There are 2 protein chains.
Amino acid sequence: MGDMKTTIKSVSIDLFFEKGYFATSISDIARGSGIQKASIYYHYASKADLLFRIMSATMDDLTTTLKERLAAAGGIEVQMRAAVRGHVCFHLERQKENFIANSELRGLSAEHYRAIVRKRDEYESIFQQLIHQGTVAGVFADVDVKILSYAILTLCTAGATWYNPNGRLTVDEIADIYENFIISGLKQGCLTPLPAAEKGIFNGTQ
Amino acid sequence: MGDMKTTIKSVSIDLFFEKGYFATSISDIARGSGIQKASIYYHYASKADLLFRIMSATMDDLTTTLKERLAAAGGIEVQMRAAVRGHVCFHLERQKENFIANSELRGLSAEHYRAIVRKRDEYESIFQQLIHQGTVAGVFADVDVKILSYAILTLCTAGATWYNPNGRLTVDEIADIYENFIISGLKQGCLTPLPAAEKGIFNGTQ
DNA sequence: GTCTATACGTAGATAGAC
DNA sequence: GTCTATCTACGTATAGAC
């Protein structure tokens, strides 16, 4: 946090989150950082460069966190719970960067855009593998993998839009709610009974 | 579609969706409409005025659609299914306007912002009432009404981000998937057994 | 209703002194 | 590393002719 390069990045995150990338000017960032706007260009090549570095670091950390959590979890349901919890917590704890990473893709150049989308796709594919394995194993209902992965991820990601750090619930409490909601949605226990062989018993409903 | 005022609005929806509100200039809109940029101001007071009219009309239509669907449905689960289906279909069928309405709030003036948020709150409260009624009646598990309403709405809304009209699935197929996922998530049949008095039987799982 | 012309501000970025 | 000064381009919006 000490050096100016870090300060500029930190100020940019705050401003991009509050006002949006396009509405934030280099002058705004300079003012927030306590320097003249020309000095920004000593540390960063352009405004788009700043945006890309923020997004790129966020995506890298997100995937690293997920892989760590999955390595420590065994069994498909437990892994999916860990993945969902990790996704929610990461997005709420680093709300601003995640909000930016999900809403300012249009500020990127073509190459940078591709780089970020590649990272996002890699992250999504981990969730898709988990869902696929769960359906094959009969732990989850026979759901559409692609649509459900988008649903689960955007659902949790949206938390970064409305989350209030001073609000009624803690990050862990919100993660609990999402975890149960999503696992129930994947199992669909009250809608379609799972094969008797898998569950041992039929679900009474329906 | 015949008059210039409608053309300008339609072109603006396309451009705001593709490039974003801030990245779209009045010159872009004029070029797309086949007139000079000064002529835009004969029809609309400002760029922000255009944005507000697009958002406002979209929100009004959204709420009207929901109320119509609910009036035709009986029973809490059936009503929730109708509400979810309506929300999904509206967002996919009018993808561009809905994407704009959910991502460009920062382009609005303070008063216009308040007006749109008021409309959104009214819409959300209908969902919150449904969830609350469902939990009281025991049709749904004892879930957190606020968080679940945000979850359900943002989940479906996000469809407008990734939906491809030429993609693998139809709007109705996607609506089916979302409906089952959400109803399962609200019932949580495979996680927490509902009160025996309400269901008549216990759910076998757990 | 649509045009041409233009006012006026501010944007991102660079040059070169210190 | 940070500054002052400046370039160049483009933004929204208006004035006034037709």
Side-chain angles (χ1 to χ4, degrees), chain A residues 1-56 100 103-113 115-116, chain B residues 1-56 100 103-113 115-116:
Chain A
M1 208 49 122
D3 59 315
M4 183 51 71
K5 185 162 182 170
T6 314
T7 301
I8 292 168
K9 190 176 174 183
S10 166
V11 167
S12 300
I13 290 172
D14 285 348
L15 289 173
F16 292 169
F17 176 72
E18 284 161 33
K19 311 174 54 166
Y21 172 74
F22 286 104
T24 300
S25 69
I26 292 286
S27 304
D28 293 332
I29 297 169
R31 200 175 307 119
S33 305
I35 51 173
Q36 293 302 309
K37 63 179 180 176
S39 307
I40 302 281
Y41 293 92
Y42 174 79
H43 299 283
Y44 295 95
S46 65
K47 197 174 108 171
D49 177 40
L50 245 169
L51 177 66
F52 174 68
R53 285 166 190 261
I54 291 168
M55 285 196 183
S56 186
I100 294 165
S103 59
E104 301 291 8
L105 280 161
R106 285 196 273 229
L108 298 170
S109 67
E111 316 100 284
H112 283 168
Y113 177 83
I116 296 294
Chain B
M1 209 46 127
D3 60 314
M4 183 51 70
K5 185 163 183 171
T6 314
T7 300
I8 292 168
K9 189 175 175 184
S10 166
V11 167
S12 299
I13 290 172
D14 286 349
L15 290 173
F16 292 168
F17 176 72
E18 285 162 31
K19 311 174 53 167
Y21 172 74
F22 286 105
T24 300
S25 69
I26 292 286
S27 303
D28 293 333
I29 297 169
R31 201 175 309 117
S33 306
I35 51 171
Q36 294 301 310
K37 62 180 179 176
S39 307
I40 301 281
Y41 294 91
Y42 174 79
H43 299 283
Y44 295 95
S46 65
K47 201 174 104 169
D49 176 41
L50 244 169
L51 178 65
F52 174 67
R53 284 165 190 260
I54 291 169
M55 286 197 183
S56 185
I100 295 164
S103 59
E104 302 291 8
L105 279 161
R106 286 198 273 231
L108 298 171
S109 67
E111 316 100 285
H112 282 168
Y113 177 84
I116 296 295

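By convention in this document, chain letters (A, B, ...) are assigned in the order of the sequence lines, proteins followed by strands, and residues within each chain are numbered from 1. Keep in mind it's a predicted model, so treat the numbers as computed, not measured.
- Residue pairs meeting the salt bridge (charged side-chain N to carboxylate O under 4.0 Å, His left out) criterion with at least one partner in residues 38-47 of chain A, sequence neighbours excluded, are absent.
- Contacts classified as salt bridge (charged side-chain N to carboxylate O under 4.0 Å, His left out) and involving residues 7-20 of chain B (residues at least two apart or in different chains) are given here: B/Asp14-B/Lys96, B/Lys19-B/Asp28.
- Pairs passing the ring-ring contact (aromatic ring centres under 6.0 Å, His included) check and including a residue from residues 10-35 of chain A, sequence neighbours excluded, read A/Phe16-A/Tyr21, A/Phe17-A/Phe99.
- In this view, A/Tyr44 satisfies the ring pair (Phe, Tyr, Trp, His ring centres under 6.0 Å) rule with no residue, not counting sequence neighbours.
- For DNA chain C, the span of nucleotides reached by chain A at under 4.0 Å from its heavy atoms goes, 5' to 3', from C/dA11 to C/dA15.
- Contacts of A/Tyr42 classified as side chain to side chain contact (heavy atoms under 4.5 Å, CB included), with partners at least two apart in sequence or in another chain: none.
- By the side chain to side chain contact (heavy atoms under 4.5 Å, CB included) test, B/Ser56 is found to be paired with B/Phe52, B/Asp60, B/Ile116, B/Lys119, residues two or more places apart in sequence or in another chain being considered.
- Partners of B/Tyr41 under the side chain to side chain contact (heavy atoms under 4.5 Å, CB included) rule, at least two apart in sequence or in another chain, are B/Ile26.
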Checklist line | Protein proximity profile, nucleotides 4-12 of chain D - base contact B, sugar-phosphate-only contact S, no contact -, cut-off 4.0 Å on heavy atoms | finding: B------SB
